[in-house]
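We count residues from 1, following the sequence as given.
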Amino acid sequence: MKMLMLVYSGADSARISSMLDDCGAGGYTEFQGVHGVGSTGRREGSRAWPGRSTLFVSVVPAADAGRLFESFRDESTRLPAGERLHVAVLPTESFF
């Protein structure tokens, strides 16, 4: 099993949930309005640091993780200016 952790900074988080559905991820959890700091800047939802992100977590069979990762990498190149998508693939020993 692998865990996909996706951080999306943009106006339409439904585009990511739709991709998870369409790519056969099986299920996911969505956390809206998350804050953070990274290579693309600070997002705290304030006037000084506007913007928020949405965090998606999905556990998938290891055999599917690479295909899903590539799909999201391709999608990240098509995002409108100013939007970002970061994806991490993490080993998962067990999940029930």
Minimum heavy-atom distance [X]-[Y], with the two atoms named:
X   : Y   : value
P80 : R15 : CD-NH1, 3.6 Å
R43 : G82 : NH2-O, 4.0 Å
L68 : C23 : CD2-CB, 3.1 Å
P91 : K2  : CA-CD, 4.2 Å
E30 : S17 : OE1-CB, 4.3 Å

[atom2] on [Y] to [atom1] on [X], rounded to 0.5 Å:
X   : Y   : atom1 : atom2 : answer
L4  : L20 : CG    : CG    : 7.5 Å
D21 : I16 : CG    : CD1   : 11.5 Å
Y28 : M19 : OH    : CE    : 12.5 Å
Y8  : S76 : OH    : OG    : 11.5 Å

Pairs meeting criterion salt bridge (charged side-chain N to carboxylate O under 4.0 Å, His left out) with involvement of residues 49-70, two or more places apart: D64-R67
Listed once per pair and sorted, the salt bridge (charged side-chain N to carboxylate O under 4.0 Å, His left out) pairs that draw on residues 76-93, sequence neighbours left out: E75-R78
Crowding at CZ, R73 (>12 non-hydrogen neighbours, <6.0 Å): no
[X] versus [Y]: any side-chain heavy-atom pair under 4.5 Å?
X   : Y   : answer
L85 : F72 : yes
V37 : W49 : no
H35 : S53 : no

Any donor-acceptor N/O pair, T77 side chain to D74 backbone, under 3.5 Å: yes
Flag, side chain of S58 to backbone of G27, donor-acceptor distance under 3.5 Å: yes
Other cluster members, V59 - Ile/Leu/Val/Met/Phe/Trp/Tyr, side-chain contacts below 4.5 Å: M1, M3, M5, V7, F31, V34, L55, V57, L90, F95
